[in-house]
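Residues take their numbers from the sequence shown, with the count starting at 1.
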Amino acid sequence: MSTRTPVSSRIPEPGTFKPHKYEGGCHCGRVKFSVVAPPPDEIVVTACNCSFCSARGGRMIYMKPESLTFTKGSFDDLTKYLWNSKTAWHSFCPVCGIAVGGEYQGSYSINMRCFEGAGIEVEKLKVQWSDGKGQIPRFDGA
């Protein structure tokens, strides 16, 4: 089994990049938000091969809570899903079904695909692969 990389190592530290504001939301507009993160040529999204992440196909950016501002709704307006060890939650819009983001180890994640309407070409961003399949022990026997 491989060693788990702490989420904190994936969070860009303020002052180490030129702040760029991204605005996005779910497909139906139930939630909208802005994120302060590095510019597109410096962003590194995380992709994971665990059973859950593989099925949803998200490309996540991790951030400290103060880098995320909801302009309509909040995580409370989304459906939360916990699985396996229940140490992280993932959120989905209950109306349009879009996987928006979540929380793990005190950090938030947002699916960069939620910013595609803002001109972000997610497939062109740098990707850091996480070996969730090898890192995450299954607690549910599956």
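In K124, the NZ atom is not crowded: 12 or fewer heavy atoms of neighbouring residues, nucleotides or ligands sit closer than 6.0 Å. When the shell of 6.0 Å around NZ of K80 is examined, it contains more than 12 heavy atoms from other residues, nucleotides or ligands.
Residues C28 and C96 come closest through the heavy atom pair N-SG, 3.5 Å. Of all non-hydrogen atoms in P40 and L125, the two that sit nearest each other are O-CD2, 3.5 Å.
Rounding to the nearest 0.5 Å gives a distance of 15.5 Å between CD of E121 and CZ of F115. Atom CD of E103 and atom CG of L82 lie 9.5 Å apart (nearest 0.5 Å). Here E66 contributes atom CD and Y108 contributes atom OH; the two are 10.0 Å apart, rounded to the nearest 0.5 Å.
Looking at heavy atoms from C-beta onward, H90 lies out of side-chain contact with S109 at the 4.5 angstrom threshold. Annotation: side chain of I120 is in contact with side chain of V122 (closest heavy-atom distance under 4.5 Å). Residues C114 and I98 are in side-chain contact: their nearest non-hydrogen atoms beyond the backbone lie under 4.5 Å apart.
In this structure, S67 contributes its side chain and M63 its backbone to no donor-acceptor pair below 3.5 Å. At distances below 3.5 Å, at least one donor-acceptor pair connects side-chain atoms of N111 with backbone N or O atoms of R59. With hydrogens and angles disregarded, a donor-acceptor distance shorter than 3.5 Å links the side chain of K72 to the backbone of G29.
V36 pairs by the side-chain contact (heavy atoms from CB on, under 4.5 Å) definition with P19, not counting sequence neighbours. Qualifying side-chain contact (heavy atoms from CB on, under 4.5 Å) partners for Y81, counting only residues two or more places apart in sequence or in other chains: F52, W83, F92. A search for salt bridge (charged side-chain N to carboxylate O under 4.0 Å, His left out) contacts involving K18 returns nothing, not counting sequence neighbours. Legend: residues meeting ring-ring contact (aromatic ring centres under 6.0 Å, His included) with H20, ordered by chain and number and at least two apart, are Y22. The salt bridge (charged side-chain N to carboxylate O under 4.0 Å, His left out) check on K32 picks up nothing, with sequence neighbours excluded. Applying the salt bridge (charged side-chain N to carboxylate O under 4.0 Å, His left out) rule to E42 yields no partners; only residues at least two apart in sequence or on another chain are considered. Residues meeting the salt bridge (charged side-chain N to carboxylate O under 4.0 Å, His left out) test with R113, sequence neighbours left out: E116, E123. Qualifying side-chain hydrogen bond (donor to acceptor under 3.5 Å, both in side chains) partners for D77, counting only residues two or more places apart in sequence or in other chains: none. With sequence neighbours excluded, the residues that form a side-chain contact (heavy atoms from CB on, under 4.5 Å) with D41 are P39. Contacts of S91 classified as side-chain contact (heavy atoms from CB on, under 4.5 Å), with partners at least two apart in sequence or in another chain: F75, L78, W89, V100.
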>> If you apply the rule side chain to side chain contact (heavy atoms under 4.5 Å, CB included), what do you find for T69 with F33, and how did you get there?
In response: CA-CA 5 Å; T69 303; F33 42 81; over 6 Å; no
> Step by step, would you call I61 with I43 a side chain to side chain contact (heavy atoms under 4.5 Å, CB included)?
Replying inline: CA-CA 8 Å; I61 181 171; I43 280 215; 3.6 Å; yes
